[in-house]
Amino acid sequence: MSPPERDADRPASDSSPRRAATSLPPWARWLLGIATSLLGLAAAAFLSVLMMAAIALAVAYPNLPAISGLTDYRPKLPMRILSSDGVLVGEFGEERRNFTPIAQIPKVMQDAVLAIEDARFYHHGGVDYLGVLRAGLANFGESRSQGASTITMQVARNFYLSTEKTFTRKIYEILLALKIESQLSKEQILEIYMNQIYLGQRAYGFASASEIYFGKPLKDISLAEAAMLAGLPKAPSAYNPIANPRRATVRQLYIIDRMLDNGFITPEQHDEARRQPLKYRAPSEVPVHAEYVAEAARQLIFSQYGDEAYTRGLNVVLTINAAEQMVAYRALRKGIMDFERRQVYRGPEDYIDLPANPREVDARIAEALVDHPDNDELKAAVALEAGPKKVVAVLQSGETVTITGEGLRPATSGLSDKANPKTQIRAGAVIRVVKSAKGDWTITQLPEVEGAFVAMDPQTGAVRALVGGFDYAKNKFNHVTQAWRQPGSSFKPFIYSAALEKGFTPATVINDAPLFFDAGSTGSQPWEPKNYDGKFEGPMSLRRGLAKSKNMISIRILQSIGAPYAQEWVTRFGFDAEKHPAYLTMALGAGSVTPLQMASAYSVFANGGYRLNPFLISKLTDSKGRVLSEPKPPVLDESLRTLDPRNAFVMTSLLQEVTRSGTAAPAQATLKRPDIYGKTGTTNDSMDAWFAGFQRSVVAVVWMGYDNPRKLGDRETGGGLSLPIWIEFMKFALKTSPVEEPPAPEGVVSLNGEWYYEEYTHGTGVASVGLEDKLPTAPSEDERKSILDLFKR
């Protein structure tokens with residue numbers, strides 16, 4: 001059956017959209033046309049954007065900077081100075097950073113950072129598209145911005161891009177992040193981030209921040225502490241827990257919540273961390289006071305590496321032990337402060353006007369004390385009220401302290417109503433106070449006198465402790481290495497050592513009688529030397545003369561052996577001949593030495609006659625722990641010998657007498673051991689006070705004096721000032737060392753309780769010196785009456 005014919009005037013049936021559209025009402029056809037046009041335009045625009053993005057990517061990606069700085073990451077690492085037992089004692093460099101491999105960064109620290117910075121870090125390829133969408137929705141729905149930078153994008157930005165916020169920079173940031181992710185593992189990226197990021201207080205990286213903010217290594221960080229540090233990258237100054245504790249705590253608690261939300265911690269850990277109180281390290285707090293040592297090491301390394309010393313992450317391991325260093329530091333400060341308590345009160349450091357409004361007082365005090373920082377245990381304070389019976393003062397911390405009774409005694413002259421206005425303590429006075437072991441406060445003052453302490457191992461030359469002054473912040477001059485001072489009687493042993501080679505023995509009798517010299521024998525002017533005690537005791541043995549530090553004995557010895565011979569002899573101990581002119585004044589230590597020179601010189605006696613150069617650095621490594629240098633301790637062989645073993649042995653015996661019955665007798669009495677040797681030293685007019693001494697395992701030297709030399713006081717001596725400091729250190733240094741006295745070497749013999757060189761046992765040595773000189777005699781009765789008559793007139 002054939003189909004019906006179509007009507008010629010009727011269009012054939014058409015099911016196309018166009019055919020359907022013609023059946024729509026005119027208004028609907030109009031809307032459809034507009035929609036079709038817009039859809040076409042949108043499709044064209046989308047294709048154009050895709051094409052432009054593809055072109056931009058094709059052009060920009062190849063022109064992205066090389067990321068060799070990341071693939072071969074070498075951060076600027078400071079020079080770190082460490083004690084022999086691994087305690088950080090100094091750090092030098094613009095950036096304080098301690099590079100730590102990702103495997104050594106605690107998981108709790110990594111989780112805290114991921115929770116707040118990039119929780120999906122291990123699930124994206126450098127750009128977190130879900131994060132971008134979430135941030136976009138958040139920014140659209142809320143009137144505040146929400147970032148979407150991943151950790152990889154932050155690394156890209158921190159290394160290669162500016163901080164400006166532009167669309168172009170964001171595109172480059174995304175492209176760089178993709179490139180980084182294509183060449184580095186996730187662990188490498190996170191490692192770079194956690195070591196490179198700036199966290200305030202000149203700290204770069206979380207390992208350095210842990211030490212700076214909490215005073216502990218990163219491996220010991222707690223969850224609460226990790227959360228606090230994780231809050232710093234966003235704005236280190238705004239979230240600094242020391243400067244802004246309230247704001248920092250709010251962010252820390254939020255991070256702890258985020259760690260729970262992301263499944264990094266349990267609810268129990270979450271609650272415990274929120275409750276944990278945090279203890280921060282004070283900005284000035286240091287674990288070990290070794291500032292002078294650290295600076296000396298810095299100078300040594302800088303002389304070798306130049307500016308690179310501050311950026312290549314060198315680790316300088318010192319020979320000092322942290323515990324011994326702190327004992328030396330405390331002992332020297334105590335000795336200086338003990339002396340200071342005997343000095344007249346010099347008055348407040350400053351005066352300020354206190355506001356009439358009580359609410360403004362605290363702020364004014366805080367402002368004033370910025371110029372008077374605390375000096376360790378010596379706290380700065382401003383007096384609120386002051387009188388002969390009570391002083392109330394406010395510390396830098398804001399604490400109010402009250403001083404009464406014995407605590408006022410050091411400043412009695414400044415508390416009198418009739419005190420000199422320039423030295424009077426009154427309201428507004430800036431004073432120093434110190435807290436006793438019992439908790440009482442005492443008024444004190446910053447000392448003007450200085451001191452030095454150095455200890456070394458006489459068997460190797462390794463420096464064991466070094467304190468170059470009372471306080472490095474107050475005076476950076478290193479008195480151990482830089483202060484050239486007269487050694488006084490502590491130099492006498494080297495003259496006696498020379499005499500042993502000229503036939504003198506410990507039993508040689510020498511006359512302690514007056515002497516007078518014209519200008520020719522002294523190199524300057526006529527000289528009539530005196531003993532410290534003003535007494536002349538007549539003939540005595542050389543041993544006794546050294547023990548009692550008799551000046552006339554030393555001068556007669558030097559006169560006998562000749563000053564030029566002695567001048568050459570002392571160079572065996574490392575002294576400079578030109579600093580010890582060949583005059584008889586050399587017998588009393590009128591030359592110039594440093595404390596370090598003295599320690600090295602006394603080491604020759606301690607080790608049996610070997611001269612060693614002191615050294616401070618035991619090992620130098622790079623940032624990866626590779627050893628760059630590690631000097632081996634010297635072997636004590638004949639190539640290092642500078643003194644006959646017999647000489648060293650007999651001198652040690654003589655110096656033992658000094659610490660047993662002589663001017664340093666408190667040494668053996670206090671330490672309760674016989675193997676202690678040394679010599680006190682007090683210069684003319686008591687301008688320098690010394691003690692140099694040793695046990696076979698350690699030599700230590702103490703000096704006290706004013707930088708601009710002046711009298712310490714008529715009754716101040718090396719035995720009274722420096723010896724107590726030395727004993728305090730030796731109590732600690734020798735507590736595990738057994739008593740060890742040197743064995744007699746070949747060629748010395750004991751005869752009637754005294755040691756002799758074998759060749760001088762038959763009376764062939766020097767028997768006596770100066771016995772023809774007479775002691776001053778007492779006036780006769782007639783002379784006495786004549787003197788009395790003169791006074792009566």
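The structure displayed is predicted, hence computed values, not measured ones.
Under a 4.0 Å N-O distance rule, the pair Arg330/Asp376 qualifies as a salt bridge. Contact check on Arg673 versus Asp675 returns a salt bridge, with a Lys/Arg side-chain nitrogen under 4.0 Å from an Asp/Glu carboxylate oxygen. At a threshold of 4.0 Å, the pair Arg342-Glu716 counts as salt-bridged, since one of the basic side-chain nitrogens sits closer than that to a carboxylate oxygen. In this structure, Arg485 pairs ionically with Asp688, as a charged nitrogen and a carboxylate oxygen lie closer than 4.0 Å. A salt bridge links Glu448 with Arg710: the distance from a Lys NZ or Arg NE/NH1/NH2 to an Asp or Glu carboxylate oxygen falls below 4.0 Å. The residues Arg543 and Glu754 are annotated as salt-bridged, a charged nitrogen and a carboxylate oxygen being separated by less than 4.0 angstrom. Here Arg646 does not pair with Glu746 in a salt bridge; the nearest charged N to carboxylate O distance is not below 4.0 Å. The pair Asp512-Arg544 fails the salt-bridge criterion, with no side-chain N (NZ, NE, NH1 or NH2) lying under 4.0 Å from an Asp/Glu carboxylate O.
Taking the six-membered ring where the residue is Trp, Phe691 and Trp726 present perpendicular rings, their angle passing 60° and hence far from 30°. Ring pair His580/Phe491 is parallel by interplanar angle, where below 30° counts as parallel and above 60° as perpendicular. Below 30°, between 30° and 60°, or above 60°: for Phe302 and Tyr310 the angle between ring planes is below 30°, a parallel geometry.
Aromatic ring centres of Phe605 and Tyr677: separated by at least 6.0 Å.
A 4.5 Å side-chain heavy-atom check between Gln325 and Ser83 finds every atom pair outside the cut-off.
For the pair Lys502 and Phe504, the cation does not sit on the ring face, since its NZ or CZ is not both under 6.0 Å from the ring centre and inside 45° of the axis.
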